[in-house]
Amino acid sequence: MNTNLQNLVSVLPEVYQTIYGHNEWDGDVSRDCSERLDIIAKNYLTLSKKLNRPLRVLDLGCAQGFFSLSLASLGASVHGIDFLQENINVCNALADENRTLTVTFQKGRIEEIIETIEPGHYDFVIGLSVFHHIVHEHGIERVKSWLLKLANSVHVIILELALKSEPLYWAVSQPTEPRELIEQCSFYQQIAHFSTHLSNISRPMFIISNDYLIINDYCEKFYKWSLNPYEDANSVHKGSRRYFFGKDVVCKLYHFSTLSGTLLPAESERNLVELKQEISFLKTPPPGFPVPKLFLGGFDVNQGWLVMERFEGILLLERISQEEILDVDGIFSQLLEQLVILEKNGLYHDDIRTWNILVDDSGELKLIDYGSISSQPKDCVWPDNIFQSFCILVNEILNPKSTTGGFLRPAALSPFNLPEVYASWLSSFWSYPVAEWSFALLLELFHKRKELPKITDLKNGLEIWIGASEKVTMHNQSHIHQVDALMNECRARVENIELHLEHGLSEKIAQIKKDNDINIEKIESQISSSHGRIQQIEQLVNESIIQKIDFLKEQGLIFEKALLEYKNIIASDGNNQELTLLPHEVLQVKITEAEQRIDRLAAENSALQTQIQLILQSRSWKMTAWWRTLGHPIKNFIVKPKRHVIKSGTKIFLIKTASYIKNRPLLKKRVLKGLSFTGLYPLSIKLYQRVFPINNSEPISVELPQEDILTSYKDNTQLPSLVEEIYLKIKR
């Protein structure tokens with residue numbers, strides 16, 4: 001094993017990722033990386049195949065470099081970023097081991113890298129469980145703007161995002177829905193979710209792009225997208241659907257919930273039902289019905305998707321609004337022919353509208369929105385009856401100025417205000433019993449429309465009244481549409497003003513935040529410096545106190561020894577006048593020698609402590625912990641006599657038990673009470689004295705006398721009694 005790499009890994013705050021190429025550390029890894037790598041590598045290869053070249057990858061928050069090196073092994077050129085120098089050291093060591101891979105690493109902050117990134121510099125970016133820290137530090141809005149800039153600069157981003165529900169300190173700063181951070185991007189899809197080592201809550205992984213649709217193994221570039229199926233749809237699906245348009249494809253992406261929470265359960269269910277119907281219909285269309293080729297379709301619990309061939313043409317709604325000259329007869333004929341094909345197969349379209357009819361430049365018509373096709377002969381809104389709804393469509397096509405606009409469908413339902421030939425056609429259809437109505441009958445009568453009796457010859461009073469009432473209704477509805485248009489214009493102006501105000505306010509807030517951030521950084525720097533100084537002072541004070549205590553203990557030992565020597569001298573030669581007092585100079589010399597010895601021992605102790613800490617933090621010490629715990633007892637049991645091992649083990653057990661009780665006063669009191677009650681107290685004392693024999697060499701803490709206490713007593717008769725008193729205090 002590379003000794004340098006081993007040392008670098010041993011000082012990591014956390015072995016968060018698998019160490020690339022070294023399975024000996026797999027047991028120490030916080031998170032398994034293999035499942036996430038499988039998903040990331042799959043999408044990398046999908047985009048690489050589409051672009052027909054290796055990709056340039058940016059790994060934001062690369063940690064120990066596992067994903068960077070793994071993608072480099074697929075042919076990518078990778079640059080990893082992490083703010084911890086310890087991680088970068090490990091990454092560089094691994095890069096040195098794998099010199100055939102194109103991979104580099106740099107210490108840096110993610111937000112600074114995004115600020116300076118240039119469009120086209122990278123193709124593929126990953127950021128796994130790192131952006132919640134940036135949200136906590138900078139806020140949701142700034143992170144949203146950074147992610148949008150990133151999406152505009154690269155082809156594809158893969159993010160693993162943390163959740164607000166996780167029980168960690170940064171959770172309070174996170175958005176309620178992680179999608180809020182990427183909602184401003186064009187295409188995003190949740191592709192997986194993974195558990196973490198921090199809680200039992202799984203984190204979602206998203207793929208994001210402003211250029212490409214990447215769904216499973218499918219990849220295609222799009223050049224336009226919208227939340228609405230057509231321009232004037234007015235958020236009909238409440239933002240739960242996204243429509244993407246490529247050169248030859250159309251993609252529908254369905255979300256079964258929205259960030260606003262306004263999507264009702266019934267609307268979410270309709271999204272799923274229409275998606276299933278559309279996929280099923282495109283897979284097995286009725287013979288003769290024109291349908292696009294289905295490239296991809298599916299769904300999971302969060303979203304659904306459908307990618308199909310794009311037909312050439314423009315929506316009939318747009319052609320009418322542009323006042324083009326239309327082949328009305330050709331439109332009605334082709335539309336009815338397609339509706340008859342559906343009808344013969346027991347199918348009906350519940351949303352036959354001008355925005356669901358596509359007409360190309362040659363006049364060829366195609367009925368689209370295949371998710372609205374089902375076995376139910378009912379329109380999706382008023383007036384429910386699909387044949388009456390078709391009559392409204394005829395009025396919208398023939399009288400566009402009096403029927404367009406507004407949220408509700410126009411009330412132009414009858415044939416009595418249409419041009420003569422079309423009025424005769426629908427009037428003849430209305431003359432049949434409702435039970436006999438069908439699209440086949442409508443088509444048959446349409447082909448005979450010029451041969452049918454003129455409606456002016458058949459009108460009765462009721463029909464004239466219906467036609468007149470309908471004109472008044474449409475006139476009033478026209479005014480309502482005008483009011484709606486004015487209101488929409490006012491709303492647009494208000495929104496524009498709000499945007500300008502919001503933009504100006506955002507710039508002002510950003511400037512204030514920037515100024516505050518600078519001030520806060522200065523204050524934090526000062527606080528940090530102060531904390532460092534306080535810690536230094538505390539350390540010096542603690543060292544000084546410890547040194548003083550050690551000095552006083554040493555003084556006590558020296559003084560005790562001097563008193564004992566003095567007592568012995570007095571006892572042996574009480575008449576020696578020169579030894580009546582202990583010289584102060586002798587004590588001072590001994591104190592100086594003791595201080596020098598203290599300094600020498602303290603230096604030796606500091607060096608030993610440093611060596612001990614290095615040993616305790618080393619991987620070798622951790623790896624041999626089991627041998628230190630079990631090895632020596634096993635060796636003693638094998639080598640030494642069994643009687644000696646049992647005796648030694650019993651003694652160790654008694655020592656640890658007695659130490660445990662000794663350090664817990666309340667437990668000690670209860671044990672002594674129990675021993676007294678059972679009569680085992682004398683035996684326990686003897687056993688305790690055998691286990692803990694009295695060591696007379698241990699230092700004794702005493703209250704030292706004043707420095708001049710000896711010199712204050714000149715009378716020889718008083719000194720021995722004083723020394724005896726101090727001696728007894730010391731012994732106690």
Checklist line | Listed once per pair and sorted, the ring pair (Phe, Tyr, Trp, His ring centres under 6.0 Å) pairs that draw on residues 308-331, sequence neighbours left out | finding: none
Note to self: What's the separation between atom CG in L339 and atom CG in L347, rounded to the nearest 0.5 Å?
What the structure shows: 11.5 Å
Next item on the list: Could you pull out the closest heavy-atom pair between L147 and L159, with the gap in Å?
Entry: CD2-CD1, 3.8 Å
Notebook entry, point to check: Which pairs, with at least one residue in residues 283-302 and sequence neighbours excluded, count as a ring pair (Phe, Tyr, Trp, His ring centres under 6.0 Å)?
Noted result: F281-F289
Next item on the list: Verify the ring-centre separation between F222 and Y212: is it less than 6.0 angstrom?
Entry: no
Item checked: Side-chain donor-acceptor pair present, D211, S209, cut-off under 3.5 Å -> no
Note to self: Please enumerate all residues that pass salt bridge (Lys or Arg N to Asp or Glu O under 4.0 Å) together with D38, with sequence neighbours excluded.
What the structure shows: none
Note to self: Parallel, tilted or perpendicular, judged at 30° and 60°: which one describes the rings of Y422 and F446?
What the structure shows: parallel
Checklist line | F206 and Y188 aromatic ring geometry - parallel, tilted or perpendicular at 30°/60° bounds | finding: perpendicular
Margin query: Please enumerate all residues that pass salt bridge (Lys or Arg N to Asp or Glu O under 4.0 Å) together with E183, with sequence neighbours excluded.
Written below: R242
Next item on the list: Determine whether L275 and L306 make a side-chain contact, defined as any pair of heavy atoms from C-beta on separated by less than 4.5 Å.
Entry: yes
Next item on the list: For residues W430 and P415, determine if any side-chain heavy atom of one lies less than 4.5 Å from a side-chain heavy atom of the other.
Entry: yes
Check: Looking at Y243, is K252 sitting on its ring face, NZ or CZ under 6.0 Å from the six-membered ring centre and within 45 degrees of the normal?
Finding: no
Next item on the list: Tell me, yes or no, whether the heavy-atom count around H447 atom NE2, taken from other residues, nucleotides or ligands under 6.0 Å, exceeds 12.
Entry: yes
Check: Do E231 and N228 get their side chains close enough for a donor-acceptor pair, meaning under 3.5 Å?
Finding: no
Note to self: Any non-hydrogen side-chain atom of L335 less than 4.5 Å from a side-chain atom of L365?
What the structure shows: yes
Checklist line | salt bridge (Lys or Arg N to Asp or Glu O under 4.0 Å) partners for R319, two or more places apart | finding: E324, D361
Checklist line | Partners meeting side-chain contact (heavy atoms from CB on, under 4.5 Å) with Q277 (sequence neighbours left out) | finding: V273, S374
